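Below: one structure, written as structure tokens.
Because the structure is a prediction, the values reported are computed rather than measured.
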Amino acid sequence: MSDRSTPGPSYSFSLSPSQSIKYRQRQFSSSSSHTPVSDYSRRPSYLNHRKSSVASHSAASTPGNTGTPSASAYARRKRAKALQDVPEGETDLSSVEPDEIFRRLPVGEVKKVESKMREEALNKQSELRSMVGTRYRDLLTSATQITALRNSSLRLSGSLQTAVQSCASPQEIGVTTAPSVTSEGQEVISLLPVAAHMKLLIDAPEALYSFLAHHEFLQAAFLWLVARVVKESLAAMPEDVSGPYTTLLQKQWETLLPFRGQIVQRATASLRSREAMESRTLAQTLLAVILLDNLSVPDALALFLSQRTKTLRDILHPESSAQTRPRRDSRLSVRSINRERDEIGSVLGESVKSLLETDTLAREVFGKESKTESLIDELQRLVQVGEPLPSPTRETGPKRTSHERRASRLASISISVPPISASPLGPPVSAPRVLYTLPSAQILLRHLPTAITGFTPFIAASPAPALNDSLRTWQGSSIDLLRESSPEWLGALNSVADIWHVRADLNALLQDGEVQSEIKRALEKEWGKRIEVVWEKRLEEVVRLAEDKTREAGEEVRTNGDENETSPETFIFSELIFPPAPTNALTASATPFNNFLSVVKKRAALRTPLLDSVLSAVETMARNIRQDMQGLPKSLYEVYGRKVEGALQDLVKALQRVVESMGPNRGDGKAGVEAEMFVGRVAIYLAKQSNFLEDLIGEANVQLSGTRDRLVAVHAGSVARWRDNAIQEGVALLAPMFNPKIGPKEIAASWQGPQPVSPSAPIMVALHSLVAASRQLGLPPDMQLSIVEDLVRGFVGNTKTLDGWSSAEEETAAEAAFNIAFLDLLIGENVETDDMVQKLLTKIPSSVPAEFPSQLPSFVADHLRRTQLLLQPLLRHLDKSSIPASGATTGDVRGGLLRFGAPKGSSGVGTEFRSPLAVAKPGKRFGLLSIAA
């Protein structure tokens, strides 16, 4: 609010008396030309209709009026005819009977007519209000001046007639009228000061309202003080002078008295403004409160800081903020999240700006710095000094006669006062400048006493405030308030990137300065705390999501038993949709092919649909967490590392709980085993075949070896029942070998020569059952685990403990020795050092060639080479060096396709070996596996 020479509204009289009369005539003539407003307070229409009917009937039945319609009936017919004759939309419905309107128009049109007439009535009211309110004083002033001119003209005319009579008859001159004129003029002049006092008191309320509306609190306070001085001056006048105005004075002062509290209240409330404020405006506002409440400068500083605290609290704690501010929801769009983030940033930024602006304003208004006095002290001094009142200008000219002086006596009461211009070096407000804004400024400045026109308030001297101490205390409490309120606002930010974005915006405001550094330090802890809470929440969501998704998928496997999930190898050759061929090479997109390639890679890795849904959900969350943490300082990564280690432990425990929930306690047999194995597949894929762990730890220095080992242990526990069942089923298939009904002759007849060159059929059947069971694991070929090795070792160990081996006869000892030797070879043990094999070889009959014991390792290895493709899942753990060298020809190219080499060109009985690859012809899709490899 800048200083102006004439603050407040301007009340200038621009109409001459003749122009005022013409204006008033035009106003009344224009108002009479408008359509009259309908009277809506009339009786109901049915009563009017009934009354008019009775009146017309009585008039028709009256003697002398027979056959003559009544005046009301004639008026109704005239209005109805007017309604029929005038086109629709142009009818002046204000002159039509309401009953006729309801008969002729529908309800909707009647409502339109009513609204139109009400609108015309409101317009007329506004015109009358404008005329009475805006030009009322001009009209009154013009009327007063016209009356004064008329009286002066009459007195002048009477004086002229008296002068003529005196000239004609000098001897009849009696008492002249000059003394009466003089006494009347003196009486008017004596009443002008009293009238000026009352005029100011009457005009003051409207001027005060105007000052308050324009937030000119210093002018309002000064005018109120002037009005109080006027009231005291008027009360101090003799009773014969002020007596007639005592009642009016009391009523008017009762109207002005509440303005003091209202000015102080509004000025104090303006200190809480959230808009930018200039230091001079602030000083003038505080000076208004000082003048009215007699505050000292330290008290004014305390008032200002307390109001700024309320401003900061209003910004940080708006009314019903918890109900009105939306909370972050994962279903919100990115645009909504960004808008909410910007709103939170704007609130915190506004609070920081308010804090910094308060510190700056306080130092500019109350601080001296290099000056001799502060801004508030300077304004107080200038207001107490005041400014001189310009003297009224009088017309100079030749000396006038006494008649001319008497004729112009009344005109001399309104000698014009030159405008008062505000000087930059002068006071911000003064009594002449405030009085000049009133409607009767010239009369007031002319006829009020000097004690009023030159009024200057008294301001008691006060010590200089302890500015630094007060600001330091206020800054501490305000920063505490900001820090305490920050968690509530930051609680709606569930993204580290959003928190860091708001932090960057605030740090841009806090560049250099002691206060800025304190605010930055206070908020820095809040950023870290909120980020830790976000991490904890998101890591908990990852663990909870992994547990819930895995449990749901395990239950689905238990219930539905999808073949793709229970036997994942069948998923490789399931139906595959190829990407469409591009119609135009220029506009072709690589997206379909990339999606197709991703599907092929998932099939090659045995990542079945249900497993992929679980893994994709947790992998997406881990990837989002890593992307959300870009650009954080190393100190926060250390905190995150500790939290993510705990989350990984919780994840392993959660998967272990899911495995236990699928355990044997539910008694669902094979379905429960398949569900357990699925949960184990989730754990082993997270450890071996997924980027989940790397994305989750991000840039934190966390060792994943322990977590991977625990996940592998979870998988191992999930296949325990499967392994036991597979071993039991395999051992059960060996029962035919120990069937007493099968004699030595039947066993020897199955040989392809004088000695056995292959294990017994039950051994191969049992091994094939183990191969079928191993395919249920759903593990990719490149995943190195000891699960199948443990399966084979468990089967071989249980097989060796069977009682049938010890009771083998001489005729069956050779085949039993071959069986045990073949099983030893499967687990990588040396056949020649096996005591059980050597014991059986001592029992072989003489019909078996004597070189059989020495050739047994080569026979066993050769049969392993013959069956290596069929038993391939059970042989992954074997090393090629543990298998005796093959006697096959080195030029056989088929040997390069076999891991353990090609078997001998001919067996002991002359059977030629043929590779089983010639039997299985690769399909068209077989070549696609090379892409995913």
Side-chain angles (χ1 to χ4, degrees), residues 274-277 305 308-309 311-318 321 325 327-328 334-364 471-538 624-641 643 698-700:
R274 296 166 63 169
E275 299 179 358
M277 186 183 302
L305 294 180
R308 299 308 294 178
T309 301
T311 303
L312 190 62
R313 188 175 290 109
D314 292 341
I315 296 173
L316 295 174
H317 299 287
S321 60
R325 187 172 65 251
R327 288 295 180 184
R328 176 68 61 85
V334 177
R335 181 178 299 178
S336 300
I337 293 174
N338 292 340
R339 182 169 60 250
E340 183 180 358
R341 178 197 64 192
D342 295 339
E343 291 176 358
I344 294 172
S346 65
V347 170
L348 295 178
E350 185 180 2
S351 62
V352 171
K353 289 180 181 178
S354 177
L355 200 154
L356 297 177
E357 181 185 0
T358 301
D359 180 77
T360 303
L361 289 175
R363 296 187 183 279
E364 291 179 354
L471 282 179
R472 191 178 300 108
T473 304
W474 180 84
Q475 290 166 4
S477 60
S478 300
I479 293 175
D480 292 339
L481 177 61
L482 178 61
R483 184 177 59 251
E484 294 171 359
S485 305
S486 298
E488 180 181 358
W489 288 98
L490 297 179
L493 299 177
N494 294 327
S495 170
V496 177
D498 291 345
I499 297 173
W500 220 243
H501 179 82
V502 175
R503 174 184 176 275
D505 292 344
L506 287 185
N507 286 345
L509 300 174
L510 305 173
Q511 295 296 332
D512 298 325
E514 182 180 355
V515 182
Q516 289 85 340
S517 300
E518 292 181 3
I519 298 174
K520 187 181 296 186
R521 285 195 299 269
L523 292 180
E524 199 66 29
K525 296 180 180 179
E526 300 303 326
W527 305 127
K529 290 180 181 179
R530 180 55 192 169
I531 289 176
E532 292 181 16
V533 172
V534 170
W535 281 338
E536 293 175 356
K537 181 178 179 181
R538 301 192 73 171
N624 292 338
I625 291 176
R626 182 167 189 169
Q627 294 174 356
D628 195 30
M629 293 172 55
Q630 298 296 328
L632 294 181
K634 295 298 182 182
S635 58
L636 290 179
Y637 277 113
E638 295 177 1
V639 178
Y640 178 74
K643 294 185 179 298
E699 302 296 332

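- Pairs passing the salt bridge (Lys or Arg N to Asp or Glu O under 4.0 Å) check and including a residue from residues 346-357, sequence neighbours excluded, read Arg274-Glu350.
- In this structure, CG on Asp359 lies 10.0 Å from CD on Glu364, to the nearest 0.5 angstrom.
- Within the structure, ring pair (Phe, Tyr, Trp, His ring centres under 6.0 Å) pairs that include any residue of residues 495-525 do not occur (at least two apart or interchain).
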Between Asp498 and Ile344, is the side chain to side chain contact (heavy atoms under 4.5 Å, CB included) condition met? List the steps.
CA-CA 10 Å; Asp498 291 345; Ile344 294 172; over 6 Å; no
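- For Glu638, there are no side-chain hydrogen bond (donor to acceptor under 3.5 Å, both in side chains) partners two or more places apart in sequence or in a different chain.
- Arg538 meets the salt bridge (charged side-chain N to carboxylate O under 4.0 Å, His left out) test with Asp628; sequence neighbours excluded.
- In this view, Arg313 satisfies the salt bridge (charged side-chain N to carboxylate O under 4.0 Å, His left out) rule with no residue, not counting sequence neighbours.
- A distance of 12.0 Å separates OG1 in Thr358 from CZ in Arg363, rounded to the nearest 0.5 Å.
- Atom CD of Glu484 is separated from atom CD1 of Ile479 by 12.0 Å, given to the nearest 0.5 angstrom.
- Using a 4.5 Å heavy-atom threshold, the side chains of Ile519 and Arg483 count as separate.
- Residues meeting the salt bridge (charged side-chain N to carboxylate O under 4.0 Å, His left out) test with Asp505, sequence neighbours left out: none.
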Yes or no on side chain to side chain contact (heavy atoms under 4.5 Å, CB included) for Glu488 and Leu316, after CA distance, side-chain angles and deciding distance?
CA-CA 9 Å; Glu488 180 181 358; Leu316 295 174; over 6 Å; no
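- Residue Gln511 comes nearest to Ala508 through the heavy atom pair NE2-O, 2.9 Å, listed as atom of the first residue, atom of the second, then distance.
- Taking both residues in full, the closest heavy atoms of Ala700 and Gly641 are given as CB-CA, 3.8 Å, listed atom of the first, atom of the second, then distance.
- Residues forming a side-chain contact (heavy atoms from CB on, under 4.5 Å) with Ala504 (at least two apart in sequence, or on another chain): none.
- Distance OG/Ser495 to CD1/Ile625: 10.5 Å, rounded to 0.5 Å.
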Could you list the donor-acceptor pairs under 3.5 angstrom formed by side chains in residues 526-534, with sequence neighbours left out?
residue	atom	partner	partner atom	Å
Trp527	NE1	Leu523	O	3.4
Arg530	NE	Leu490	O	2.9
Arg530	NE	Leu493	O	3.1
Arg530	NH2	Gly491	O	3.1
Arg530	NH2	Leu493	O	2.9
Arg530	NH2	Asn494	OD1	2.9

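- For Glu699, the side-chain contact (heavy atoms from CB on, under 4.5 Å) partners at least two apart in sequence or on another chain are Arg626, Tyr637.
- Minimum heavy-atom separation, Ala362 to Leu471: CB-CD2, 3.7 Å.
- The distance from atom NZ of Lys634 to atom OH of Tyr640, rounded to the nearest 0.5 Å, is 14.0 Å.
- Shown here for Leu481 and His317, the closest heavy-atom pair between the two residues is CD1-NE2, 4.0 Å.
- For Asp342, the side-chain hydrogen bond (donor to acceptor under 3.5 Å, both in side chains) criterion is met by no residue, not counting sequence neighbours.
- Legend: residues meeting side-chain hydrogen bond (donor to acceptor under 3.5 Å, both in side chains) with Arg521, ordered by chain and number and at least two apart, are absent.
- For Lys525, the side-chain hydrogen bond (donor to acceptor under 3.5 Å, both in side chains) test picks out no residue, with sequence neighbours left out.
- Atoms OG and CD, on Ser354 and Glu275 in that order, are 12.0 Å from each other to the nearest 0.5 Å.
- Counting only distance, with no hydrogens or angles, the side chain of Ser351 and the backbone of Leu348 share a donor-acceptor pair below 3.5 Å.
- Trp535 is listed as a side-chain neighbour of Val496, based on a closest heavy-atom distance under 4.5 Å.
- A donor-acceptor pair under 3.5 Å is formed between the side chain of Trp474 and the backbone N or O of Leu305.
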